[in-house]
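To find a chain, count down the sequence lines: A is the first, B the second, and so on, and within it residues start at 1.
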There are 2 protein chains.
Amino acid sequence: MGRSGVARGNAAEAAIAQGGVELDLQRYFPYQLARLAEQVSLAVAEVYSERFALTRQEWRVLAILGMRPEIATKEIGPLTTLDKMQVSRAVQGLESRGIVGRKHHPDDRRELIVSLTPAGRALYRKIVPLALARESKLLEALTADEVAALDRVMGKLSAALA
Amino acid sequence: MGRSGVARGNAAEAAIAQGGVELDLQRYFPYQLARLAEQVSLAVAEVYSERFALTRQEWRVLAILGMRPEIATKEIGPLTTLDKMQVSRAVQGLESRGIVGRKHHPDDRRELIVSLTPAGRALYRKIVPLALARESKLLEALTADEVAALDRVMGKLSAALA
DNA sequence: CGAAATTCGTATCAGATGTTACTATTATCT
DNA sequence: AGATAATAGTAACATCTGATACGAATTTCG
């Protein structure tokens, strides 16, 4: 029988010869995923960051507000995967630039209700088509079947982790 | 004819009635991907962070060193997707704990050559099986075909972005 | 050869981020 | 009701991170 390690690279073989297991970072799924997510994040950030000076957190809050005319601050976290401090800072940033307004909930004065200002809504209308176009451009690299498969598998993985 | 927006949710319909396009963050691919990557990153960080007090950057450098007995610092960045400052700090952190050693390149004293110490190699041998097991556990949620498809599609997307 | 430019790695400082603790308000429990 | 606990949001502090600039070593080019 042939010696072991025939199908592996030299480094792997060397590691195994030393009695160890080895890990190829380039083929390690968590690393691949982190790298891809970083690339995509950078590509998308061009849309909201460079042209509109929004942070990623502010952009997420803005996206949520586009669908919900009014929303309690405490609801934003779960919807955007931001912690409450990140939400607080993002909303403050948006408010300081006149993109959102805040008021107290009438029945619970601890809560703040956030909504887009007219300027905020105008910004939203400008930015969303660009963001959607960027998404389309990214996914153009794939066939429709591949996009569907990716979507399904990512959902499955995400659900398994939750 | 029915009015438009029949197949959409109320929020979408409301946005469209206002003449705007809308974006559902939960279904926006870049957000889904970022969220999944974050979940996976946290799951994997349990392995190296909690038990061995390594940062993500240090873990990546360690992973590279497991395959390359010696490596120039300047090569680490491209292999790990870290910038030179992150590499510098990660290597310093590893050195301060006796996990790696450094020496000058004999023919170019600007460069530093990094290698695992015996303690570093022992750590590597302990940690890699755990990291691989964690990867397997994550991917258990998928069928073999799904894993293959995911790998292929991620590679395709990543290549298109590079 | 010797000045200028380039490369490698790091110090330094500014800004971003996470953690803890606090204030204000409301809910709960006796 | 009144004390106690819980919740929403933020301030304050410590830490992490990124950008710039620098010193040391080497290379390039006049």
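The CG-P distance, from A:Asp83 to C:dA21, rounds to 16 Å in whole Å. Here C:dG15 presents its C1' atom at 13 Å from CD of A:Gln57, a figure rounded to the nearest Å. Atom-to-atom, CD1 of A:Ile76 to P of D:dG9 comes out at 8 Å; the value is rounded to the nearest Å. Distance A:Gln92 CD to D:dA12 C1': 13 Å, rounded to the nearest Å. The CG atom of A:Leu82 sits 16 Å away from the P atom of C:dA16 (whole-angstrom rounding). Residue B:Asp107 contributes atom CG, which lies 9 Å from atom P of D:dT27 at whole-angstrom precision. Per the geometry, NE2 belonging to B:His104 stands 12 Å off P belonging to D:dA24, to the nearest Å.
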N/O contacts under 3.5 Å, protein versus nucleotides 3-8 of chain D?
residue, atom, partner, partner atom, Å
D:dT7, O2, A:Arg110, NH1, 3.0
D:dA8, OP1, A:Lys74, NZ, 3.3

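Counting only N and O atoms by type, the side chains of B:Gln32 and A:Ser158 include no donor and acceptor under 3.5 Å apart. Under the 3.5 Å distance criterion, with hydrogens and angles disregarded, a donor-acceptor pair is assigned to the side chains of B:Tyr31 and A:Thr81. Counting only N and O atoms by type, the side chains of B:Ser136 and B:Glu140 include no donor and acceptor under 3.5 Å apart.
Phosphate contact (OP1/OP2 of D:dT10, side-chain N/O of A:Ser88, threshold under 4.0 Å): present. Contact between the side-chain N/O atoms of A:Gln86 and the OP1/OP2 oxygens of C:dT17 is not found at any separation under 4.0 Å. For D:dT17, the OP1/OP2 oxygens have no side-chain nitrogen or oxygen of B:Arg56 closer than 4.0 Å.
Comparing A:Met85 and B:Val91, the nucleotide of DNA chain C nearest to each residue sits closer to the 5' end for B:Val91. Residue-to-nucleotide proximity on DNA chain C shows that, of A:Thr55 and A:Pro106, the 5′-proximal contact is made by A:Thr55.
Under the 4.5 Å side-chain criterion, counting only non-hydrogen atoms from C-beta, A:Thr80 is not in contact with A:Gln57.
In this structure, B:Trp59 and B:Tyr48 have parallel ring planes: the angle between them is below the 30° cut-off, well short of the 60° mark.
Remark: B:Glu58 does not engage B:Arg89 in a salt bridge, criterion side-chain N to carboxylate O under 4.0 Å.
Checking C:dT10, D:dT17, C:dT19 against the side-chain heavy atoms of A:Arg89 singles out C:dT19 as nearest.
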Anything under 3.5 Å between a donor and an acceptor, one on a side chain of residues 69-78 of chain B, the other on a protein residue two or more places apart or in another chain? List them.
residue, atom, partner, partner atom, Å
B:Glu70, OE2, B:Lys103, NZ, 2.8
B:Thr73, OG1, B:Leu112, O, 3.3
B:Lys74, NZ, B:Glu111, OE2, 3.1
B:Glu75, OE1, B:Arg68, NH2, 3.3
B:Glu75, OE2, B:Ala72, N, 3.3

